[in-house]
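Scroll down for the structure; my scribbles are underneath it.
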Protein chains: 2
Amino acid sequence: MGQPDTRARIQGAAGMLFRRHGYSATGLKRVATEAEAPFGSLYHFFPGGKQQLAEDMIRTSGPEYGRMVLALLDSVPDPAESLVHAFEAAANDLAAADYADACPIGTVALEVASSNEVLRAATAEVFEEWVDAAAQWFGRWVADPKAARSLACSMIMMLEGAFMLSRAARDTEPLRVAGRSMAALLRTTVAQAGED
Amino acid sequence: MGQPDTRARIQGAAGMLFRRHGYSATGLKRVATEAEAPFGSLYHFFPGGKQQLAEDMIRTSGPEYGRMVLALLDSVPDPAESLVHAFEAAANDLAAADYADACPIGTVALEVASSNEVLRAATAEVFEEWVDAAAQWFGRWVADPKAARSLACSMIMMLEGAFMLSRAARDTEPLRVAGRSMAALLRTTVAQAGED
DNA sequence: GTCTATATTATGATAGAC
DNA sequence: GTCTATCATAATATAGAC
């Protein structure tokens, strides 16, 4: 390695561009420029070209992002309050990034769902991992595994949908609404279980 | 008009491709081919090129789709049950379309959010219209306008997020979970208002 | 209004000197 | 491993015959 990790810079630039503009709109020339790397290095480190670069991003940034979101979920003792705080943190981050950087794989996931089987499968696996991890977290307050998994899946969906609406409107309100709705959903699930 | 509405065929083909593959991945050559229209006709009817074609799609298919979804929400007297049925209908439609045709503007909305101000604003206006219309519907069962609007926004977000996960996994389960969660959210909101 | 041909630029990808 | 030049192709867009 001559430069301080050319490969990492390429990965970083690709991840940023895929996240902001999606798969199709991201050109490899632009990736090389943004990474301050010669174009040839891109194919040296990623012989599979654009698809390999995207799959690498999905399988690296995806799990990382999942861990980051899950880590936000223990900010306070009350889980419902934690949900509100986590979505508020996401809202603040999104606004600070000028509504550019939301979910690293969401845009790509929709783009490739019907056109690239390799990348579709990669995004599906990441979503599945997120739901599994979140279901474990909800399991700490909801005894029924099916109920915990339903909450987990709902949280991921609400987050993705909230990112879409917040980015489109350039307004954090959808994300804040999503957090309050998830808190209400958790509270009512816990209360309902207590009745049995 | 010589052929039975060349313009409409171009609109239809563009809408289908934008919906399935997004904005960047949709080529105008392919649009013309799919529409069985000569390439020149495309620029004859849409001098603004790709962007005009996309904006037209967003402002036409967007409101149409909103009305279609809202119309599903009165299938049965109980509103919570209606929500479950509406999401189930969306799930069945998506599976029948081989997970290709979900929300007509969702993919485009994420793609253009940080790169095309005209199209971003168009998607934002459509989402706003949807939330307004849904808030009116929820208002029939929830007296507080803020609560009704919160439910409406949550429903749209949950639907968009569910489309993303269902398309990625090629599985209708996320959409069905979303419907049940929205039903629970409505029920708890109605119950909570009754306590006051 | 219809349709073909083409201009121009960008894309993903490769070859090969160093 | 680095970097440049270039390939082949496809993109958006336009010109102009009919």
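Order of the sequence lines fixes the chain letters, A, B, ..., with proteins taken first and strands second; residue numbering starts at 1 for each chain. Side chains are part of it too, since the values below use all heavy atoms of this structure and drop only hydrogens, waters and symmetry mates.
Regarding B/L42, its CG atom lies at a distance of 16 Å from the P atom of C/dG1, rounded to whole Å. Atom-to-atom, CD1 of A/I10 to C1' of D/dG1 comes out at 11 Å; the value is rounded to the nearest Å. Atom CZ of A/R7 and atom P of D/dT2 are 12 Å apart (whole Å). Distance A/F46 CZ to D/dG1 P: 13 Å, rounded to the nearest Å. One can place NZ of B/K29 at 14 Å from P of D/dT9, the figure rounded to the nearest angstrom. One atom, CG of B/L53, and another, C1' of D/dA13, lie 13 Å apart when rounded to the nearest Å. With rounding to whole Å, B/H44 atom NE2 is found 16 Å from C/dT4 atom P. Atom CG of A/L28 and atom C1' of D/dA10 are 15 Å apart (whole Å).
Taking the side chain of B/F39 as heavy atoms from C-beta on, and the options D/dT2, C/dA5, C/dG12, the nearest nucleotide is C/dA5. When distances run from any side-chain atom of A/P38 to the nucleotides C/dT2, C/dA13, D/dC3, the shortest one goes to D/dC3.
When the side-chain nitrogen and oxygen atoms of A/Y43 are compared with OP1 and OP2 of C/dT14, none of them lie within a distance under 4.0 Å. A close approach under 4.0 Å does not occur between any side-chain nitrogen or oxygen of B/S41 and OP1 or OP2 of C/dG1. Phosphate contact (OP1/OP2 of C/dG12, side-chain N/O of A/K50, threshold under 4.0 Å): present.
Counting non-hydrogen atoms under 4.0 angstrom, B/G49 reaches the backbone sugars and phosphates but no base. Backbone-only engagement by B/F45 is indicated by non-hydrogen atom pairs under 4.0 Å involving sugar-phosphate atoms exclusively. Across all strands, A/G27 comes closer than 4.0 Å only to sugar-phosphate atoms, never to a base (heavy-atom distances). Residue contacts for B/T26: at a heavy-atom cut-off of 4.0 Å it reaches the sugar-phosphate backbone alone, with no base atom in range.
When atom types are taken as modelled, the side chain of A/R120 and the backbone of A/V112 share no donor-acceptor pair closer than 3.5 angstrom.
Ring geometry for A/Y65 versus A/W130: interplanar angle of 30 to 60°, hence tilted.
More than 12 non-hydrogen atoms from other residues, nucleotides or ligands lie less than 6.0 angstrom from CD of B/E81.
Screening B/R20, B/R170, B/R167 against A/S114 for a side chain to side chain donor-acceptor pair (under 3.5 Å) leaves a single residue, B/R167.
Between the side chains of A/T26 and A/R30, not a single donor N or O lies within less than 3.5 Å of an accepting N or O.
Toward the 5′ end of DNA chain C lies the nearest nucleotide of A/R30, the other residue of the pair A/R30 and A/G40 mapping further downstream.
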